[in-house]
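Take a look at the structure set out below.
Lettering of chains follows the sequences in order, A, B, ..., and the numbering in each one begins at 1.
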Protein chains: 2
Amino acid sequence: MDDFVEQLKALGDETRIKIIRLLSEAKVDLCVCEIMDAIEDSHCNISRHLKILKTAKLVKESKQGKWVYFSLATPKDPFHESVLHAVSSIMDEHFFNDSKRLKLRLSLREKEKCVDGLKSEKWARALELLATMVPRPDDKNKKREKSYYGEK
Amino acid sequence: MDDFVEQLKALGDETRIKIIRLLSEAKVDLCVCEIMDAIEDSHCNISRHLKILKTAKLVKESKQGKWVYFSLATPKDPFHESVLHAVSSIMDEHFFNDSKRLKLRLSLREKEKCVDGLKSEKWARALELLATMVPRPDDKNKKREKSYYGEK
DNA sequence: CTATCATATGCACAGAATTGAATATGTGAA
DNA sequence: TTCACATATTCAATTCTGTGCATATGATAG
């Protein structure tokens, strides 16, 4: 029983929902700094949230040298499956910016591996470029999102 | 987005999962004292948890005089549906005693309405009788449950 | 109107969760 | 070995959550 409660508790947080969603949309494992840049949160926070998700057995990690890649843990019971399904059923709109940034971030990979770390110049430039190209209805801009979608 | 987080947060608590499960198994609306006796928690706690579930739009209430009946809110989006489905997919074992007590409690109704309040003598007797009749692998008896099912 | 009873809420407190800043760990490169 | 860097952890401060107790609310019965 504690396991179910723990998984639900782990998902009762916006950042962690975003991480799960990011991992389920990405076709590949993601390293900590990629998740961090996609979600735009501090490094140590992302690291901590990932630990919580790992303890709840929602994600698993694989170390490759100093890089650590995360992916969704494969569900081992119907509850785990439904709970993942629930996260998948949240409308794309709410993750629009995260997944846009993730795509851009993944485009910086070389040989399918992350090569840009904490304060990557390349990423800073890419982000700026992105900002000039498309208007960004950011999650932080609540009012605007509200009038677009009706706040879900 | 906040709504999804709120629903998940509301479900990240054992008592509240039990309430949701109780309401989804019961074919009828349940009043506060019935839920309280089935789950064996204090009255004010159940009342508060119900409020949290109501705020998260997971349950709805209907007042009938001094009695207040609760039932599951009908889901208005796929996320809400999946999340309920997740709770349904938890194995029955974990709610065995609750639902047993609920059945007994519902048998005290008259004309399909609850007539036993906070410290019902009738319920006290019924509970004692139940205790003498079947061994109770209670949730509090962790060791025993563990050896039976392997603690989930 | 008053007493009773189902239910809700305010208060106080303990434990849990979240976060930023600083520091630690461990690995690969020089 | 030593440095640089990706990631993890510790610390401290703050906020949030769950709960018991006492009390409030609001409806029914007498």
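For B:E110, the side-chain contact (heavy atoms from CB on, under 4.5 Å) partners are B:V115, B:K122, not counting sequence neighbours. Taking the side chain to side chain donor-acceptor pair (under 3.5 Å) definition, one finds that A:E81 meets it with nothing, sequence neighbours left out. Among residues two or more places apart in sequence or in another chain, the side chain to side chain donor-acceptor pair (under 3.5 Å) test is passed with A:R21 by A:E25, A:D92. Residues forming a side chain to side chain donor-acceptor pair (under 3.5 Å) with B:R109 (at least two apart in sequence, or on another chain): B:E34. By the side-chain contact (heavy atoms from CB on, under 4.5 Å) test, B:E121 is found to be paired with B:R125, residues two or more places apart in sequence or in another chain being considered.
Here ring-ring contact (aromatic ring centres under 6.0 Å, His included) pairs that include residues 74-93 of chain B, with residues two or more places apart or in two chains, are B:F4-B:F79.
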Contact letters for nucleotides 19-30 of chain C, in which S counts primed atoms plus P, OP1 and OP2 and B counts the base, heavy atoms under 4.0 Å: BBB-----SS--
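Applying a 4.0 Å cut-off to non-hydrogen atoms, the residues of residues 28-38 of chain B that approach DNA chain C are B:C31, B:V32, B:C33, listed by residue number. In the region residues 50-61 of chain A, proximity to DNA chain D at under 4.0 angstrom, judged on heavy atoms, holds for A:K51, A:E61. For DNA chain D, the residues of residues 105-118 of chain A within the heavy-atom distance limit of 4.0 Å (strictly under) are A:G117, A:L118, sorted by number.
Smallest separation of non-hydrogen atoms from B:C114 and B:D116: SG-O, 3.4 Å. The shortest heavy-atom contact between B:S24 and B:L72 is CB-CD1, 3.4 Å.
Through direct or relayed side-chain contacts under 4.5 Å between Ile, Leu, Val, Met, Phe, Trp and Tyr, A:I52 connects to no other residue. The other residues sharing a hydrophobic cluster with A:W67 are A:Y69, where clustering joins ILVMFWY side chains under 4.5 Å apart.
Look at B:S47 and you won't find any side-chain N or O under 4.0 angstrom from OP1 or OP2 of C:dT7.
Using a 4.5 Å heavy-atom cutoff, the side chains of A:M91 and A:F96 are not in contact.
At whole-Å resolution of the value, CD1 in B:I46 and C1' in C:dA8 are 14 Å apart.
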